[in-house]
Amino acid sequence: MTELSTRFNFKEIDEKWCQHWVDKQTFHAEPNPDKKPFSIVIPPPNVTGILHMGHALNNTLQDISMRYWRMNGREAMWMPGTDHAGIATQNVVEKQLAKEGTRRQEVGREAFLERLWSWKKEYGDTIIHQLKKLGSSCDWPRTRFTMDDGYSAAVKKVFVALYDKGLIYRGEYIINWCPRCLTALSDEEAEHHDTQGHLYYIQYPFKDHPQESLTVATTRPETMLGDTAVAVNPKDERYSQYIGKTIVLPLINREIPVIADDFVNPQFGTGAVKVTPAHDPNDFMMGQRHNLPFINIMRPNAVLNENAGDFSDMDRFEAREAIIETLREQKLLSDIKAHPHAVGHCYRCHTVVEPYLSRQWFVKMKPLAEPAIKVVREGKINFYPQRWTKVYMNWMENIRDWCISRQIWWGHRIPVWYCADCPPEKNVIVAQETPSACPVCQSTRLTQDEDVLDTWFSSWLWPFATLEWPHDNEALKYFYPTNCLFTAPEIIFFWVARMIMAGLEFMGDIPFEDVYLHGTVRDAKGRKMSKSLGNAIDPLEIIEEYGADALRFSLIVNSGQDLFISKEKFEIGRNFANKIWNASRLVLMNSPQADRTATLEDLAAQKDSDLPSRWIIARFYATLEKINVAIEKYKYSEAENLIYEFFWTNFCDWYLEIIKKQWHDQTIQTIAYKILENALKIIHPFMPFVTEEIWRHMQTDQTLISVSAWPTRGDNLEDERISQDMQILIDVVTAIRNARSEWNIPNQQDIQCTLVCTSNDSQRLLKDNMSIIEFLGRVKDGAITDKKEDVKNAAISVIQDITCVIPLGDVIDIAKEKTRISTQIQKTQKTADNLTKRLQNETFLNKAPADVIQKEKERLSQWQHEMTTLKAVLSNLE
RNA sequence: GGGCGAUUAGCUCAGUUGGUUAGAGCAUCUGAUUUACAUUCAGGGGGUCGUAGGUUCGAAUCCUACAUUGCCCACCA
């Protein structure tokens with residue numbers, strides 16, 4: 001084998017295997033009738049920019065799962081790809097244009113889209129590259145983009161199908177409008193933040209009695225310019241006399257009626273509401289109920305239009321100030337109260353959205369939601385952690401129609417054409433391909449709808465559109481439905497729920513069985529990582545500095561729900577990778593004669609091996625068992641802790657230390673070698689690079705650990721006896737080390753140690769393993785006896801039925817040792833007392849299960865034994 | 001206004017269906033360097049499990065209330 005350097009040189013090795021796996025298409029999967037499939041689709045990262053820590057976490061989780069199942073014999077296919085992310089990507093490119101002093105309207109649609117495609121090329125490639133660097137075992141030749149030709153065909157087909165089914169309609173409604181992005185948004189795309197606003201109380205005078213007025217309260221006084229009524233609750237006696245009266249709207253002197261509507265809450269504000277049907281969803285409905293005029297007072301950019309009288313050409317917030325000022329002057333402003341309320345913001349640019357009346361395309365959601373509710377209720381799809389089921393259900397059960405048209409250019413153009421020669425509203429042609437003529441009047445004067453579709457209208461097809469749907473093909477049949485979706489809870493509504501609906505509607509089957517929702521990555525102070533806060537840690541920087549394995553391992557180990565990370569956290573992973581590297585060096589350097597054809601099962605079956613070897617093999621199988629369960633239950637941090645404990649504490653700190661003087665033994669070489677080999681396999685899903693590299697050094701052929709077989713379980717579960725015996729050895733060694741440390745005895749100085757015990761079992765155990773105790777405890781002349789030693793000036797500790805006596809001569813401070821023993825006696829006494837009390841308690845004896853009582857009795861006798869020994873030790877000191 | 005989490009060592013987190021003296025990593029303290037690894041090794045200190053009640057023979061674990069904190073949803077202008 002080749003020499004390994006003293007440190008794990010991750011830069012070189014990451015690069016090497018990253019390249020190798022891609023070049024050899026190690027992770028390409030094809031339908032294989034002999035294997036069960038395991039497939040997942042990546043949540044396609046937006047091509048807006050580069051990957052952040054959240055992506056690193058998301059993809060690490062997916063990769064652990066993929067690698068685990070691949071090694072477990074599945075045909076594992078991980079579909080990679082990217083999302084065009086309509087508004088978001090258009091925004092970043094618009095910002096670029098702005099820097100150049102131009103705008104998309106000046107550049108023109110075609111040239112602007114060219115810019116976007118080149119942006120997509122650059123950032124899409126970067127993202128794929130970053131995913132590779134992370135070690136993601138994706139099926140790279142399948143890489144898809146949500147605006148691929150084939151994908152676009154799927155989107156169009158879906159639009160037409162839903163339209164034909166009557167589930168897509170066009171209409172004028174109040175939607176969320178972003179005045180900066182100049183587009184409609186869906187309800188989900190408007191993020192509500194609690195904001196400290198004001199409630200303005202404004203007096204609206206009556207036409208007949210200008211001295212009298214109704215006072216209304218509003219948070220958006222500028223919208224009063226579009227008021228077409230004032231509403232009160234019909235049961236509100238304070239106002240019943242005014243219903244039907246006419247009010248003269250201040251500032252623009254429009255005459256508007258006082259109407260009665262149940263919607264009005266008499267408790268809120270003054271109980272009288274201004275009604276602005278074109279600028280508020282509730283008012284819109286009232287407007288429809290009462291046949292009120294809809295007066296739009298705003299241009300798309302939220303600057304007031306000609307309907308705003310003196311306030312036209314003012315921005316909405318500027319107009320708010322001006323209106324308040326004017327009303328104040330006219331003594332029509334009776335009060336301003338602080339009023340905290342939720343204000344909608346654009347999820348992409350954070351501008352305050354405006355409820356705006358406009359004609360858009362919508363999807364009727366209820367019919368799609370029903371089957372999607374059913375599959376979750378029936379447990380065909382499961383959420384992990386389970387509590388997210390409720391969140392999903394709640395949204396689905398109250399689902400509202402989905403506004404899917406966007407007034408932007410980057411995206412799937414809506415497959416709708418309008419005939420110039422047909423009457424309005426009857427001129428709509430919905431088709432997958434550009435029609436050559438109007439099917440009704442044969443006119444060729446057709447224009448396509450200018451708008452594009454919501455980005456999620458393509459993402460919701462991801463699990464099957466990436467597999468070439470609607471083309472019937474083997475891969476689609478074989479890999480759909482996928483097994484699991486790994487994503488963040490933020491997009492349950494945007495994406496998860498809609499994929500379930502689309503899957504059921506178009507594939508007639510669920511898109512995935514499990515949905516695993518992981519936490520958000522935050523900084524050490526718990527803030528969300530973001531560019532604008534400057535607290536983001538770039539995963540690539542961590543890969544450069546600590547290695548990809550370290551990044552992956554550290555993101556998972558000790559992780560709670562949300563993830564709080566600082567740079568230091570990555571040291572855990574880096575150190576562990578280095579530990580694996582060096583332990584492997586040690587084993588490989590010392591095991592030239594290891595029998596590489598042996599299997600761990602064979603070795604486990606040899607019952608005459610030495611205790612440490614039997615122990616480490618048993619520990620391995622116990623760990624393997626627990627890891628299998630943990631991974632399959634999505635408990636990745638638990639799995640990592642098990643691996644860490646096994647490899648570092650059991651294997652390195654004990655086993656490799658114990659066998660240090662035994663490398664000449666071929667059996668020891670074989671066992672160490674085989675344990676390492678199998679340990680690498682179970683570490684591999686978590687740390688693919690270091691394990692692949694070491695594997696290559698261990699194998700004579702060119703096999704890859706990535707596609708090796710996961711260790712099989714066998715019946716070699718941990719032997720209770722072996723682990724107990726080994727624990728005694730460990731405790732004895734620890735007691736000796738402890739005494740050394742306590743009495744400041746330098747390591748070079750040899751010490752003596754006498755182990756006193758009476759039972760045959762313990763005697764034999766100690767005799768068989770005395771050399772280990774001597775070696776690890778640096779003991780010279782270890783002795784075993786069944787007679788009580790009457791040694792003065794000795795450090796004494798008790799391990800079950802074994803008393804460990806270390807003569808210290810004048811090094812010992814008798815007073816100090818007495819205190820130490822006394823403290824220990826006190827602790828022991830307390831525990832024993834508690835146990836005694838419990839065992840004397842009638843109700844405990846009556847009600848507790850027999851095995852618990854039995855256990856407690858055994859414990860008590862152990863404690864009592866220890867106490868007797870300790871007391872003897874103490875009296876011996878006096 | 002509703003819903004869902006969280007609260008365990010200085011920090012980040014484990015803690016399975018209630019049943020040993022509540023664990024780990026980091027940090028801290030003491031000691032170790034011709035040894036595979038100082039990205040290391042050995043040892044120590046550090047917790048009345050947010051508060052108050054309740055259920056139980058027994059509670060970090062189950063129940064109730066409260067506190068603190070985070071997230072999501074919601075048309076009371």
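Since the model is a prediction, treat every value here as computed from it, not as a measurement. Chain letters run A, B, ... following the sequence lines, proteins first, then strands; residues in each count from 1.
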Exercise. Could you run down nucleotides 2-9 of chain B 5' to 3' and tag each one B, S or - for protein heavy-atom contact under 4.0 Å?
Worked result: -SSSS---
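Atom-to-atom, CZ of A:F775 to C1' of B:C41 comes out at 13 Å; the value is rounded to the nearest Å. Rounded to an integer number of Å, the gap from CD of A:E191 to P of B:C72 is 8 Å. Regarding A:E571, its CD atom lies at a distance of 14 Å from the C1' atom of B:C11, rounded to whole Å.
For A:F844, the listed nucleotide lying nearest its side chain is B:G19; candidates were B:G19, B:G44, B:C75. Minimum atom distance to the side chain of A:R585 is reached by B:A36, of the listed B:G25, B:A36, B:G43. The nucleotide whose nearest atom lies closest to any side-chain atom of A:N841 is, among B:G25, B:A74, B:C57, B:C57. Closest to the side chain of A:A848, from the set B:G19, B:U12, B:C72, is B:G19. Considering only the side chain of A:H192, B:A74 comes nearest among B:A74, B:C72, B:A77.
Residue A:R400 is classed as a sugar-phosphate contact, given heavy-atom separations below 4.0 Å to backbone atoms only. A:P849 comes within contact range of at least one nucleobase, with a heavy-atom separation under 4.0 Å. Among the atoms of the strands shown, only primed sugar atoms or phosphate atoms (P, OP1, OP2) are found under 4.0 Å from some heavy atom of A:F564. At the heavy-atom level, A:F263 lies under 4.0 Å from base atoms of the strands shown.
Shown here are the side-chain contact (heavy atoms from CB on, under 4.5 Å) partners of A:P234, two or more places apart in sequence or in another chain: A:A260, A:D262.
Contact annotation: A:H339 side-chain N/O to B:A77 OP1/OP2 distance is under 4.0 Å. Note on A:N744: every side-chain N or O is 4.0 Å or more away from OP1 and OP2 of B:U30. Between A:Q748 and B:U33 there is a side-chain N or O to OP1 or OP2 distance below 4.0 Å. Side-chain N/O atoms of A:W648 include one lying less than 4.0 angstrom from OP1 or OP2 on B:C41. Distances shown here put every side-chain N or O of A:R740 at or beyond 4.0 Å from the OP1 or OP2 atom of B:C41.
Within residues 574-583 of chain A, the residues having any heavy atom closer than 4.0 Å to RNA chain B are, in order of number, A:R574, A:N575, A:N578, A:K579, A:N582, A:A583.
Remark: the separation of the C1' atoms in B:U48 and B:A60 is 12 Å, to the nearest Å.
A distance below 6.0 Å separates the ring centres of A:F268 and A:H339.
A salt bridge links A:E222 with A:R320: the distance from a Lys NZ or Arg NE/NH1/NH2 to an Asp or Glu carboxylate oxygen falls below 4.0 Å.
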